[in-house]
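Note that the coordinates shown come from a computational prediction; the quantities given were computed from them, not determined experimentally.
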Amino acid sequence: MSLLELQTSRLRAGRWQDLTAADLAGLFAPEVVQWLPEGFQAQGSDQARRDFLAAVAQQAEVIGLRAAEGQGIGLLILSYPEDGSKTRNLGYLLAEAAWGQGLASELLSGLQAHFSGSGICLSGGVMQENAASARVLEKAGFTPQPAGGETVYSWCADG
């Protein structure tokens, strides 16, 4: 199954290119990207955001996330698998309006179901100041491993 077919009770995956300018503006708001890698910080126009995501899409699957009602509320970024590796680096962000509703947990649960039986390992770094993301990953069964100024959380599917 393609990640574009990922669906949970409240989230639908789709092409990030189909997100509106307003959707992307909300996803690149300073509060949303404050804990993400530096490249996410200074994307001040719709074209800059789209160019940035197109560049990221050269190295990873970039998936738009929509609420069941249709509005764009998130991005899922999953690195392409390297030759011989079962590990994929995981990143995701949700618009501030979607925070506190359990959608990150629902997304992780959907990904775990998607990769069930594949032997794939998902790994994502979280800045130590980002306690909310750390809690979500721990609650989803990801194992923490300190790595400098961040903690890397990993989960492996049976396979």
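A 6.0 Å sphere centred on CG of Asp158 holds no more than 12 heavy atoms belonging to other residues, nucleotides or ligands.
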Any chance you could lay out the salt bridge (charged side-chain N to carboxylate O under 4.0 Å, His left out) test for Arg88 and Glu61, step after step, and finish with the verdict? CA-CA 10 Å; Arg88 300 194 62 191; Glu61 289 182 85; 2.5 Å; yes
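One hydrophobic cluster, built from ILVMFWY side chains closer than 4.5 Å, holds both Trp16 and Leu3. Under a hydrophobic clustering in which Ile, Leu, Val, Met, Phe, Trp and Tyr are joined whenever their side-chain heavy atoms come within less than 4.5 Å, directly or via other members, Leu122 and Val152 fall into different clusters. Using a 4.5 Å cut-off between side-chain heavy atoms of Ile, Leu, Val, Met, Phe, Trp and Tyr, with links allowed through other members, Trp99 and Met127 fall into different hydrophobic clusters. Under a hydrophobic clustering in which Ile, Leu, Val, Met, Phe, Trp and Tyr are joined whenever their side-chain heavy atoms come within less than 4.5 Å, directly or via other members, Leu36 and Ile63 fall into the same cluster. Linking Ile, Leu, Val, Met, Phe, Trp and Tyr whenever their side-chain heavy atoms come within less than 4.5 Å puts Leu76 and Val33 in one cluster.
When each of Leu27, Val56, Leu94 is tested with Leu75 by the rule side chain to side chain contact (heavy atoms under 4.5 Å, CB included), just one qualifies, namely Leu27.
For the residue pair Glu138/Tyr153, the side-chain donor-acceptor check at 3.5 Å is satisfied. Inspection of the Glu106 and Ser9 side chains reveals an N or O donor paired with an N or O acceptor under 3.5 Å.
Taking the six-membered ring where the residue is Trp, Phe52 and Phe28 present perpendicular rings, their angle passing 60° and hence far from 30°.
What you find for Arg15 and Leu4 is that their closest heavy atoms are N-CD2, 3.7 Å.
Between Leu11 and Gln7, the closest side-chain pair of non-hydrogen atoms is not below 4.5 Å.
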